[in-house]
Number of protein chains: 2
Amino acid sequence: MTDSPIRVLLADDEVLLREAVMALLSLEDGIEIVGTAQDGRDAVALVARTRPDVAVLDLEMPRMDGVEAATAIRAAAPGTRVVLLTRHARPAILRRALNAGVSAFVTKATSVKELPSILRQVSRGGRYVDGTVAAAALSESDCPITNREIDVLRESLDGATVRVIAERTHLAPGTVRNYASTAMAKLGAATRVEAARIAWREGWI
Amino acid sequence: MTDSPIRVLLADDEVLLREAVMALLSLEDGIEIVGTAQDGRDAVALVARTRPDVAVLDLEMPRMDGVEAATAIRAAAPGTRVVLLTRHARPAILRRALNAGVSAFVTKATSVKELPSILRQVSRGGRYVDGTVAAAALSESDCPITNREIDVLRESLDGATVRVIAERTHLAPGTVRNYASTAMAKLGAATRVEAARIAWREGWI
DNA sequence: CCGATCCGCTGACAAATGTCATCGGGCAGG
DNA sequence: CCTGCCCGATGACATTTGTCAGCGGATCGG
C-alpha cells in the first residue's frame with residue numbers, strides 16, 4: 001500500500017529533547033512533524049488547528065500536564081491518537097493515562113529507534129505500553145493503602161501540618177492523623193512524609 | 001587549520017534524550033561521539049578509558065550526580081573539559097558546577113542547534129554559561145541559610161526523624177532541632193520538611 | 001584585643017504528632 | 001441477616017518536634 005505520511009505533533013517543555021526527537025523523526029520515512037508545543041495548553045490548541053494523526057505528549061509540562069491534555073484532545077479531536085511520554089515509569093500514571101484514552105505509554109528510557117514503529121502502530125489504531133511499566137502494573141505490587149490514606153499522603157508530600165492537611169482534605173485533624181498512622185504502619189515509615197515519599201516512589205499517589 | 005574531530009562523551013540517564021542528542025551530534029562535522037554512559041560512575045570510568053576532549057554530563061543521574069562526576073573527571077583527566085547539562089536552571093547549582101571546574105553550563109531549554117558550537121568553544125578552552133541562569137545568579141537572590149542549616153535541611157527532605165538526621169549529620173538531636181528551627185524561621189516554613197522543600201526549590205540545597 | 005558570628009551543645013517547655021481504643025454509619029459479599 | 005471493611009470522628013496518652021535561653025569555643029575583621 002502507499003503510505004501517506006503520518007502527521008505527528010510533539011509536545012515537551014524541554015527544548016533539547018523536543019528538537020532532537022523532532023529532528024530524528026523528521027528524518028524517518030513516512031513521518032511528518034506538523035507542529036511542536038512546549039506545554040499542554042498549546043498542544044491542545046495546536047491539535048485543534050492541525051488535526052495530526054498522532055500527538056506525542058510529555059507527562060510533565062507546565063500549565064497543563066500530559067494526561068489532562070490527552071483528555072482534552074480525545075474530546076476535541078477523536079481522530080488524533082495520543083502517545084504519552086514520561087520520565088518516571090509509574091503504574092498509577094499508566095492507569096490514569098489509559099483512562100484518559102491514551103493509545104501508547106512510552107518512557108524516556110525507550111530507544112529513539114523504537115519510536116517510529118510505535119507511532120506507526122498507534123496511527124493504525126494499535127496500542128502500545130512500555131514493557132517494564134506494564135510488568136510493574138501487572139505484577140500488581142498491590143497498593144496496600146486505602147483511598148483516603150492516599151489523599152492524606154498526597155497532601156503530606158510537601159511537609160504540611162496536620163491542620164493544613166485537614167483543611168485541604170476537609171477532614172478532622174484526628175482523622176488525618178489516623179489515616180497517616182495506618183498508612184505509615186502499612187508502609188513501614190516513621191513519619192507521614194516518609195510514608196508519602198515511599199508511596200510516591202511506588203507510584204501509588 | 002585542519003580539524004581533528006572533537007571527541008565527545010555523553011552521559012544522561014534518559015535513553016531517549018541521550019540517543020537523540022548523540023545521533024544529532026554524530027551528524028555534525030568535526031564531532032565524534034566516543035562513548036555514552038547512563039550514570040555518573042560509568043561516565044567517570046569511561047572518561048578514564050577513552051580520554052575524550054569533552055564530557056557532556058547530565059546533572060541528575062543515579063549513583064553519582066553530574067557535579068560529583070565532574071569533580072572526579074577534573075581530577076583524573078584534566079585534559080577533558082566538562083559540559084554540565086541540567087533540567088532546572090538554578091543559581092546554586094551553577095556555583096557548585098563552576099567550583100567543580102565545569103567549562104560550560106547548559107540547560108535542557110537550549111536548542112540542539114547551539115550544542116555543536118558550545119562544544120567547539122569548550123574544546124578550544126573556552127567557557128559557556130546559559131544566559132538565563134547567569135542572569136539569575138547575578139541577580140543574586142542570596143541564600144539566607146547557613147551551611148549547617150543546609151546540611152540539616154538536606155537530610156530533612158525525605159521526612160526523616162530528628163534522631164535519624166542527627167545520626168546522618170553527626171550532630172546532637174537538639175542541635176538538629178535548633179538548626180531546623182532557625183532555617184524554618186528564615187524561610188517562613190511551619191515544618192522542617194516544608195523549609196527543606198522551599199530551600200530545594202530555590203536551589204539552596 | 002574586642003565584638004560579631006557561626007558552630008555545637010544542653011535544658012526546659014508548649015505544641016504537634018503518632019498510637020491506640022472506640023464509636024456509628026454505609027456498603028458489599030456470603 | 002450477619003460479617004467485614006472502609007469511612008469519619010473522638011478522646012487519651014506518650015513521644016516527637018519546634019521554640020527559646022544560654023553555655024563554651026573557634027574564627028574573622030576592625
Side-chain angles (χ1 to χ4, degrees), chain A residues 91-92 95-96 140-205, chain B residues 92 95-96 99 140-205:
Chain A
R95 272 186 278 269
R96 264 183 75 206
E140 212 40 275
S141 65
D142 240 345
C143 166
I145 53 179
T146 188
N147 284 346
R148 290 310 172 293
E149 286 166 2
I150 289 177
D151 294 340
V152 168
L153 288 192
R154 188 182 298 126
E155 299 300 331
S156 301
L157 264 179
D158 62 351
T161 296
V162 166
R163 183 187 314 276
V164 172
I165 299 173
E167 288 166 5
R168 296 208 281 231
T169 56
H170 307 292
L171 291 175
T175 309
V176 169
R177 286 193 285 156
N178 285 340
Y179 286 140
S181 183
T182 54
M184 288 158 59
K186 290 174 183 174
L187 269 47
T191 301
R192 259 178 305 149
V193 178
E194 191 190 342
R197 297 191 74 83
I198 291 174
W200 164 266
R201 210 182 47 219
E202 297 294 328
W204 295 330
I205 60 176
Chain B
R95 271 187 280 268
R96 267 183 72 207
N99 286 337
E140 213 40 279
S141 71
D142 241 344
C143 166
I145 53 180
T146 187
N147 285 345
R148 290 311 172 290
E149 287 165 2
I150 290 177
D151 294 341
V152 168
L153 288 192
R154 188 181 297 125
E155 300 300 331
S156 303
L157 263 179
D158 62 352
T161 297
V162 167
R163 185 188 311 274
V164 172
I165 299 173
E167 287 167 6
R168 296 207 281 230
T169 55
H170 307 292
L171 291 176
T175 309
V176 169
R177 286 193 283 156
N178 286 339
Y179 286 139
S181 184
T182 54
M184 287 158 58
K186 290 175 183 173
L187 269 45
T191 300
R192 260 178 302 149
V193 178
E194 191 188 345
R197 298 191 74 84
I198 292 174
W200 165 265
R201 208 184 47 217
E202 296 296 327
W204 295 330
I205 60 178

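Letters go in sequence order (proteins before strands), and every chain restarts at 1.
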Let me know the distance between CG of A:N178 and C1' of C:dA16, rounded to the nearest Å. 15 Å
What integer distance in Å separates B:E194:CD from C:dA16:C1'? 14 Å
Contacts of A:G174 and B:A180 projected onto DNA chain D by closest heavy atom; the upstream (5') one is A:G174
CZ of A:R163 versus C1' of D:dG18: gap in Å, rounded? 14 Å
Mind checking the CZ-CG spacing from A:R148 to A:L171? Nearest 0.5 Å is all I need. 7.5 Å
With nearest nucleotide decided by heavy atoms, which residue, B:P173 or B:T146, maps closer to the 5′ end of DNA chain C? B:T146
note: A:M184, atom CE; D:dT16, atom P; distance rounded to Å ~ 12 Å
Euclidean distance, atom CD1 of residue B:I150 to atom P of C:dC6 [Å, nearest integer]: 12 Å
Could you check how far CZ of A:R148 sits from C1' of D:dA9, rounded to whole Å? 14 Å
Working to the nearest 0.5 Å, report the span between NZ of B:K186 and CH2 of B:W204. 10.5 Å
If you count the non-hydrogen atoms of other residues, nucleotides and ligands that lie under 6.0 Å from CZ in B:R163, is the total more than 12? no
Among A:I198, A:V193, A:L187, A:I165, find the residue that satisfies the side-chain contact (heavy atoms from CB on, under 4.5 Å) test when tested with A:L153. A:L187
Could you tell me whether the phosphate oxygens of C:dT19, OP1 or OP2, come under 4.0 Å of any side-chain nitrogen or oxygen in A:S181? yes
In whole angstrom, what separates A:R177's CZ from C:dA15's P? 15 Å
Heavy-atom nearest nucleotide on DNA chain C for B:E149 versus A:T161: which residue maps closer to 5'? B:E149
Using a cut-off of less than 4.0 Å, is there contact between a side-chain N or O of B:T175 and OP1 or OP2 of C:dC9? yes
Taking CD1 from B:I165 and P from D:dT17, how many angstroms apart are they, rounded to a whole number? 8 Å
